[in-house]
Asker: 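Got a structure for you, questions after.
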Amino acid sequence: MDLRSESSCARCRFKSKAAAVLSEEELHMLGKACVEVSVNRGDAFFRQGTPSGHVVYLKEGLARIHKKGPRNRDQILKIACSGTYLGIQTILGDVVNQYSASALTRAVACYIRVGEFRLLIQKNGDFANELIDYICREELSHFNRLVSHWQKQLTGRLAETLLYFAEEIFRAQEYPMLLTRQELASMVGGTRESVSRAMKEFVDSGIIGMNKKEIRILKPELIKKLADSG
DNA sequence: GCATTAACCACAG
DNA sequence: CTGTGGTTAATGC
């Protein structure tokens, strides 16, 4: 992990939607509470079970949010895009991280001390509002994922996940698969073997194209139908 | 019963 | 790390 100079949040090119409503003075305070780091693919931003003292603002890059369950297996809960905060859930009650976050690509992130972050929420209603807005949207999307995980079978869940990457993460019909089969399986809720097989079926039926790690959605209508019907 | 789905296991690139 | 094949258990007509 690479430490960088003290950040100037006022002039940040990647300011979050929430930080955009902060005053000059508040941004200065944010800057004081903030350290910018640059990390490599695979590096952890924070780990489940370790104390949390910061909120992480993901400035550039992608992250995976994952959590170990009772059988000590890691499940990927979601992919976080740049411009979002990681670990806000932990700032109120718990002082121990309930899940892990790690970089899926090279990434730049700002570690913001929890104390100051909370102070900004208390002081600035617009800031708080933006955050709540974000948290609400996230929760709704988690509800959706949870329900589909319960009701769809593997093929549908995989189709949905491939679409999730295309639509939410990359906003493109073609994108690099950054996850290993194992990780993709842990996100879809299946085994590496089942995911491999289902993926092959998608390719064989011409729904997606795959060369190397590149995925291309060839028949959006069909894959949507699969994702919807399960 | 018979078919489908998906996990588990083993083995090979 | 991946893909494949065989086996097995559960679930649904």
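Throughout, protein chains are lettered first and strands after them, A, B, ... in sequence-line order, and every chain is numbered starting at 1. None of the values given here were measured: they were computed from a predicted structure.
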Asker: Please walk me through it: do Arg64(A) and Ser102(A) pass side-chain hydrogen bond (donor to acceptor under 3.5 Å, both in side chains)?
Answerer: CA-CA 5 Å; Arg64(A) 61 189 237 275; Ser102(A) 45; 3.0 Å; yes

Asker: Just jot down the ring pair (Phe, Tyr, Trp, His ring centres under 6.0 Å) partners of Tyr99(A), sequence neighbours excluded, or say none.
Answerer: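 Expected list: Phe46(A).
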
Asker: For residues 148-167 of chain A, which residue pairs pass the ring pair (Phe, Tyr, Trp, His ring centres under 6.0 Å) check, not counting sequence neighbours?
Answerer: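 Residue pairs passing ring pair (Phe, Tyr, Trp, His ring centres under 6.0 Å), neighbours aside: Phe165(A)-Tyr175(A).
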
Asker: If you take the centroid of each ring, where Trp contributes its six-membered ring, are Tyr85(A) and Phe117(A) closer together than 6.0 Å?
Answerer: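 Yes, close enough.
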
Asker: Between Arg137(A) and Asp133(A) (salt bridge meaning N to carboxylate O under 4.0 Å), is one present in this structure?
Answerer: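 The answer is yes: the pair qualifies as a salt bridge.
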
Asker: Taking Gln48(A) for the side chain and Lys68(A) for the main chain, is one N or O donor matched with an acceptor at less than 3.5 Å?
Answerer: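 Here the side-chain-to-backbone pair exists.
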
Asker: Taking the axis from the first five pairs and the axis from the last five, what angle separates them in the helix from dG1(B)-dC13(C) to dG13(B)-dC1(C), rounded to 10 degrees?
Answerer: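 That helix gives 10° between its end axes.
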
Asker: Taking Arg216(A) for the side chain and Glu174(A) for the main chain, is one N or O donor matched with an acceptor at less than 3.5 Å?
Answerer: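 No, because the side chain of Arg216(A) does not come within donor-acceptor range (under 3.5 Å) of the backbone of Glu174(A).
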
Asker: Rounded to whole angstroms, how far apart are NZ on Lys212(A) and P on dC1(C)?
Answerer: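 From Lys212(A) NZ to dC1(C) P: 16 Å.
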
Asker: With clusters defined by side-chain heavy atoms of hydrophobic residues (ILVMFWY) lying less than 4.5 Å apart, directly or transitively, does Ile79(A) cluster with Tyr57(A)?
Answerer: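 Hydrophobic grouping puts Tyr57(A) apart from Ile79(A).
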
Asker: What string of B, S and - do you get for nucleotides 5-10 of chain B 5' to 3' if you count protein non-hydrogen atoms under 4.0 Å?
Answerer: SSSBBB

Asker: Just grab all the salt bridge (charged side-chain N to carboxylate O under 4.0 Å, His left out) pairs involving residues 75-85 of chain A, residues at least two apart or on different chains.
Answerer: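 Of all non-adjacent pairs touching residues 75-85 of chain A, those that pass salt bridge (charged side-chain N to carboxylate O under 4.0 Å, His left out) are Lys78(A)-Glu138(A).
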
Asker: Does the protein touch nucleotides 8-13 of chain C at the base, only the backbone, or not at all? Give it as B, S and - per nucleotide, heavy atoms under 4.0 Å.
Answerer: ------

Asker: May I ask you to say whether Glu116(A) pairs ionically with Arg113(A), meaning some side-chain N is under 4.0 Å from a carboxylate O?
Answerer: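 Yes.
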
Asker: Could you check how far CE of Met177(A) sits from C1' of dG3(C), rounded to whole Å?
Answerer: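 Spelled out: CE on Met177(A) to C1' on dG3(C) is 16 Å.
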
